[in-house]
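Because only heavy atoms are used, hydrogens play no part in the values below, and waters and symmetry mates are left out as well, while side chains stay in.
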Amino acid sequence: QSAAAGAALTWMIVERLHHKKATSVGFASGIVAGLVAITPCAGHVVPVNALIIGAIASVVCYIAVQLKNRTKIDDSLDAFAVHGVGGIVGALLAGVFCFQPVAGLLQGNVAQLGVQALGVAVSIVWCAVGTLIIAMIVKVTVGLRVADQQEKDGLDIAIHGERGYHLDQA
């Protein structure tokens, strides 16, 4: 809860400074960023450090979302920008703030940050290779993209044969 609160508040402040307004989507994204970042640290940091971890993760994830918005990367709901980046940040910060079962950087154990970085690197490679294999299988079997016209018509009609929303009846 501490990380989520710190992250939500930080996201709202950063968003307000950057866009002159804070949004409810930003607030929710901040909460998620904090929860994702604290997951690798849970049980290994004190609550005040959880607030700091949430705040740091929120800023880094906010930057990742802004970078994603400037590219043509298809990241629905900012999934990687918040979950992926937040998880990476949290795993690295565990090596900074942890106090049990091993000491982290703040406790004088510089090596723990290296252990965490190695774990992050291995995880990134594992996920990249796994995703590539799955994408190749999907591409060969059902394809990765739908036709442009299907996308324009809406996948609820084109793929599922039904309307997801009945806005004309409202």
Side-chain angles (χ1 to χ4, degrees), residues 3-42 50 52-97 113-160 162-165 167:
L9 180 61
T10 301
W11 193 294
M12 288 181 13
I13 291 168
V14 170
E15 193 173 45
R16 175 98 168 126
L17 292 171
H18 186 234
H19 291 295
K20 307 292 186 234
K21 62 181 176 183
T23 65
S24 57
V25 171
F27 179 77
S29 295
I31 291 171
V32 171
L35 291 172
V36 170
I38 201 60
T39 299
C41 308
I52 296 167
I53 290 166
I56 292 169
S58 185
V59 171
V60 176
C61 290
Y62 182 87
I63 292 168
V65 169
Q66 300 312 305
L67 290 173
K68 189 249 350 167
N69 289 340
R70 293 182 183 157
T71 66
K72 292 187 180 204
I73 295 172
D74 186 6
D75 182 15
S76 298
L77 304 174
D78 300 326
F80 180 77
V82 177
H83 287 85
V85 172
I88 290 168
V89 169
L92 292 172
L93 290 177
V96 174
F97 292 102
L113 185 56
V115 169
Q116 297 299 120
L118 177 62
V120 167
V122 169
S123 295
I124 289 171
V125 170
W126 174 261
C127 292
V129 170
T131 300
L132 182 62
I133 291 168
I134 292 168
M136 288 176 6
I137 293 169
V138 169
K139 183 177 183 178
V140 169
T141 57
V142 296
L144 290 175
R145 302 285 307 187
V146 296
D148 287 343
Q149 189 60 45
Q150 287 178 311
E151 194 167 358
K152 288 177 186 170
D153 292 343
L155 298 184
D156 52 346
I157 300 281
I159 302 296
H160 305 291
E162 62 185 349
R163 283 191 184 276
Y165 302 96
L167 300 175

Colleague: Could you measure the distance from the CD atom of Q66 to the SG atom of C61? Nearest 0.5 Å is fine.
Modeller: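 Output value for this atom pair is 11.5 Å.
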
Colleague: Over all heavy atoms of both residues, which pair between G30 and A7 is shortest? Give the atoms and the distance, please.
Modeller: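 Closest heavy-atom pair between G30 and A7: O-CB, 3.0 Å.
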
Colleague: Compare every heavy atom of T71 with every heavy atom of L67, then report the nearest pair and how far apart it is.
Modeller: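 Heavy-atom minimum between the residues: O-CG2, 3.3 Å.
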
Colleague: If you take all heavy atoms of G86 and V36, which pair is closest and at what distance?
Modeller: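 Scanning both residues, the minimum pair turns out to be C-CG1, 3.7 Å.
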
Colleague: Can you check whether I134 reaches V138 side chain to side chain, under 4.5 Å on heavy atoms?
Modeller: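 Side chain of I134 against side chain of V138, heavy atoms only: contact under 4.5 Å found.
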
Colleague: For the residue pair A3 and I38, what are the closest heavy atoms and their distance?
Modeller: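 Where A3 meets I38 most closely, the heavy atoms are CB-CB, 3.5 Å.
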
Colleague: So, taking the atom named CZ in R163 and the one named CD1 in I157, what distance separates them when rounded to the nearest 0.5 Å?
Modeller: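 Rounded to the nearest 0.5 Å, the CZ-CD1 separation comes out at 4.5 Å.
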
Colleague: Which value, rounded to the nearest 0.5 Å, describes the distance between S58 atom OG and I63 atom CD1?
Modeller: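 The CD1 atom of I63 is 10.0 Å from OG of S58, to the nearest 0.5 Å.
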
Colleague: Can you name the closest pair of heavy atoms from P40 and A91 and give their distance?
Modeller: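 Taking every non-hydrogen atom into account, CG-N, 3.5 Å.
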
Colleague: Once rounded to the nearest 0.5 Å, what's the spacing between atom CD of E15 and atom CE of M12?
Modeller: 9.0 Å

Colleague: Indicate yes or no: at least one non-hydrogen side-chain atom of V96 is less than 4.5 angstrom from one of I53.
Modeller: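 No. Closest side-chain heavy atoms not under 4.5 Å.
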
Colleague: Which heavy atom of V85 sits nearest a heavy atom of A64, and at what distance?
Modeller: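 Heavy atoms only, the tightest pair is CG2-CB, 3.8 Å.
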
Colleague: Would you compute the distance between atom CG of L113 and atom CZ of F97 and round it to the nearest 0.5 angstrom?
Modeller: 11.0 Å

Colleague: Which residue, I88, L93, V89, L92, forms the side-chain contact (heavy atoms from CB on, under 4.5 Å) with V60?
Modeller: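 Only one of I88, L93, V89, L92 forms a side-chain contact (heavy atoms from CB on, under 4.5 Å) with V60, namely V89.
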
Colleague: Which distance, rounded to the nearest 0.5 Å, do you find between the CG of D75 and the CG of N69?
Modeller: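 Reported value, rounded in 0.5 Å steps: 9.0 Å.
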
Colleague: Evaluate whether atom CG of L77 has more than 12 neighbouring non-hydrogen atoms of other residues, nucleotides or ligands under 6.0 angstrom away.
Modeller: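 Open.
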
Colleague: Are F80 and K68 side-chain neighbours, meaning at least one heavy-atom pair lies under 4.5 Å?
Modeller: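 No. Closest side-chain heavy atoms not under 4.5 Å.
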
